[in-house]
2 protein chains.
Amino acid sequence: MSSSSAPTRRIGGPDSQSRAMLLDAAEQLMVEEGYAAVTSRRVAGKAGLKPQLVHYYFRTMDDLFVELFRRRADVNLERFERAVEADGSLRNLWRLNADPRGSAVTIEFVALANHRKAIRAEIARYAERFRAAQLAAITAALEANGAADQMPPVVALLLMTGLTQMMALERALGVTTGHDATMTYIDDALTRLEPGRS
Amino acid sequence: MSSSSAPTRRIGGPDSQSRAMLLDAAEQLMVEEGYAAVTSRRVAGKAGLKPQLVHYYFRTMDDLFVELFRRRADVNLERFERAVEADGSLRNLWRLNADPRGSAVTIEFVALANHRKAIRAEIARYAERFRAAQLAAITAALEANGAADQMPPVVALLLMTGLTQMMALERALGVTTGHDATMTYIDDALTRLEPGRS
DNA sequence: GTCTATAATCAGATAGAC
DNA sequence: GTCTATCTGATTATAGAC
């Protein structure tokens, strides 16, 4: 899948345990200190390995970032689809969206994408996949409640994700004006649309 | 205003022309290549000056970033208030919010804030000020249209800004699924609320 | 106010031994 | 698969001359 234009270097296979440890360490650094802290030296240090191993498993740091994102994205998408399968209600979709677990790292990756083309492409691809999955779920949920005529599902989806993403971002900054009021409002709206749910 | 705990270094005054040129160069770099490109060397190079001058006018690079943000924030806030004074309609508030001019740089600063505490504090302060100004404006606009009972103004505000910020961010990535449909929906909603406007 | 010179780090990346 | 050794270049920051 990766480009093989420079046949000189040796690159380690994807099933190595050290490779996984490096990815884990990189992810942890990214969460705790931001992407700028993800250097070959620091990643290796956290994993208890030598910096050069990073370059053995990942030709460039960009390759590491892309791999990191892909790994996390796959997990996220799977988790989302399993959760929807178990409970496809509007309220659950909202809950999944408001889950801050992924938000912090997402911001970091988006910022990275701003100046790393390889990562931008990867994120864009994933965003489209995730949007499609979310759209299918919210369309079904709105139709189940006879609310699909009030607002196009895709609009509801953008409103919802925009709201949750911004609140997550603001929370990270310590700005929370209006958050409580908004959460209450959404909660009431969900109760109106889906009387049967908690 | 700045801390003066280390009296050893000489720092240039705020009225210098070179200082302004450095800030301009830094801002341009930030827009074009992201904050990672804003190094003392590159900033000075773009301004046609020596890298050491950056450290003469700004004790640290963080100081430069804070100054950069503050300068832009002040301009933004003033522009917003002037625009609202001229036209306080909902539609104009939406237009101002959807204006992508500031969005790209905003993202960059937020990402920076993630790992630079001095900048995080500055952004948080500004975000609160801006929210207050926006809240006053949207409250007045909703009341003028007798729509303040449909939704708390602060909720409308968060929905609006969340939506515009996310769309701006996605546009930067090349992801635009649902954007047109949402813009159309908002446009129709505004026409319904404010029949008199374009 | 601007320069030269330089200290002190840290970065990504590679070659080749074991 | 992992190591030592190393190259090369960038970065922030300071001191002191002019």
Side-chain angles (χ1 to χ4, degrees), chain A residues 2-26 29-30 33-68 111-112 115-119, chain B residues 2-26 29-30 32-68 112 115-119:
Chain A
S2 294
S3 70
S4 52
S5 49
T8 41
R9 278 277 291 290
R10 263 202 305 167
I11 296 294
D15 296 331
S16 157
Q17 193 184 347
S18 293
R19 195 184 119 110
M21 284 168 66
L22 290 171
L23 284 173
D24 288 343
L29 271 173
M30 190 131 179
E33 304 186 45
Y35 73 81
V38 181
T39 67
S40 51
R41 284 166 167 77
R42 296 208 58 191
V43 168
K46 210 173 184 73
L49 300 169
K50 299 287 172 178
Q52 294 87 340
L53 266 194
V54 174
H55 292 96
Y56 171 62
Y57 285 110
F58 310 95
R59 214 175 56 82
T60 65
M61 290 305 283
D62 271 20
D63 283 0
L64 182 148
F65 279 118
V66 167
E67 200 49 40
L68 201 56
L112 235 187
H115 26 274
R116 309 250 199 160
K117 291 155 202 168
I119 291 155
Chain B
S2 293
S3 70
S4 52
S5 49
T8 42
R9 277 280 289 294
R10 262 203 305 169
I11 296 293
D15 296 330
S16 157
Q17 193 184 346
S18 293
R19 194 184 120 111
M21 284 168 65
L22 289 170
L23 283 173
D24 289 343
L29 271 172
M30 190 130 178
E32 292 167 357
E33 303 185 46
Y35 74 81
V38 181
T39 68
S40 50
R41 281 169 164 74
R42 296 209 57 193
V43 167
K46 212 174 185 72
L49 299 168
K50 297 287 171 177
Q52 294 86 339
L53 265 194
V54 174
H55 292 96
Y56 170 61
Y57 284 110
F58 309 96
R59 215 175 56 84
T60 66
M61 290 305 284
D62 271 20
D63 283 1
L64 183 149
F65 279 120
V66 167
E67 202 49 40
L68 202 56
L112 236 187
H115 27 275
R116 307 249 198 162
K117 291 156 203 168
I119 291 155

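Naming convention: chains lettered A, B, ... in sequence-line order (proteins, then strands); numbering from 1 in each chain.
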**Request:** Check every atom of C:dT2, C:dA13, D:dT12 against the side chain of B:M61 and return the nucleotide holding the closest atom.
**Result:** D:dT12

**Asked** Tell me: CD of B:E33 to C1' of D:dA10, nearest whole Å?
**Response** 15 Å

**Asked** B:Y35 has an atom OH; how far is it from atom P of D:dT11, in whole Å?
**Response** 14 Å

**Prompt:** Ignoring hydrogens and angles, does a donor from either the side chain of A:R59 or the base of C:dG12 sit under 3.5 Å from an acceptor on the other?
**Reply:** no

**Complete:** From CG of A:L22 across to P of D:dT2 the rounded distance in Å is 9 Å

**Request:** Could you state the atom-to-atom distance from CD1 of A:I11 to P of C:dA15 in whole Å?
**Result:** 11 Å

**Request:** Taking the side chain as every heavy atom from C-beta outward, state whether B:T60 and B:D63 have any pair of such atoms under 4.5 Å apart.
**Result:** yes

**Asked** Has A:S18 got a side-chain N or O lying under 4.0 Å from the OP1 or OP2 atom of D:dT2?
**Response** yes

**Item:** N/O donor-acceptor pair, side chain B:R10 with base C:dT2, under 3.5 angstrom
**Value:** yes

**Asked** Can you tell which of D:dT2, C:dA11, C:dG1 lies closest to the side chain of A:T39?
**Response** C:dA11

**Prompt:** Does B:E33 come within less than 4.0 Å of B:K46, counting only side-chain N to carboxylate O?
**Reply:** no

**Request:** Answer yes or no: does a side-chain N or O of B:S40 lie under 4.0 Å from OP1 or OP2 of D:dT12?
**Result:** yes

**Asked** Whole-Å distance between C:dA11 P and A:L29 CG?
**Response** 11 Å

**Asked** Parallel, tilted or perpendicular: which describes the rings of A:F65 and A:Y35, with under 30° parallel and over 60° perpendicular?
**Response** perpendicular

**Item:** First of A:Y57 and A:R41 reached from the 5' end of DNA chain D, by closest nucleotide
**Value:** A:Y57

**Item:** Side chain to side chain, A:L64 and A:V38, heavy atoms closer than 4.5 Å
**Value:** yes

**Request:** With DNA chain D as reference, determine whether A:Y56 or A:Q52 sits nearer its 5' end, using the nearest nucleotide of each.
**Result:** A:Y56

**Asked** Between B:F58 and B:L23, is any pair of side-chain heavy atoms under 4.5 Å apart?
**Response** yes

**Nucleotide C:dG1, atom C1' - distance to CZ of B:F58 in whole Å** = 14 Å

**Atom-pair distance (NE2 on B:H55; P on C:dT4), nearest Å** = 16 Å

**Fill in**
DNA chain C nearest-nucleotide lookup for B:L53 and A:T60: closer to the 5′ end is B:L53

**Asked** How close or far is atom C1' of C:dG12 from atom CZ of A:R42, stated in whole angstroms?
**Response** 16 Å

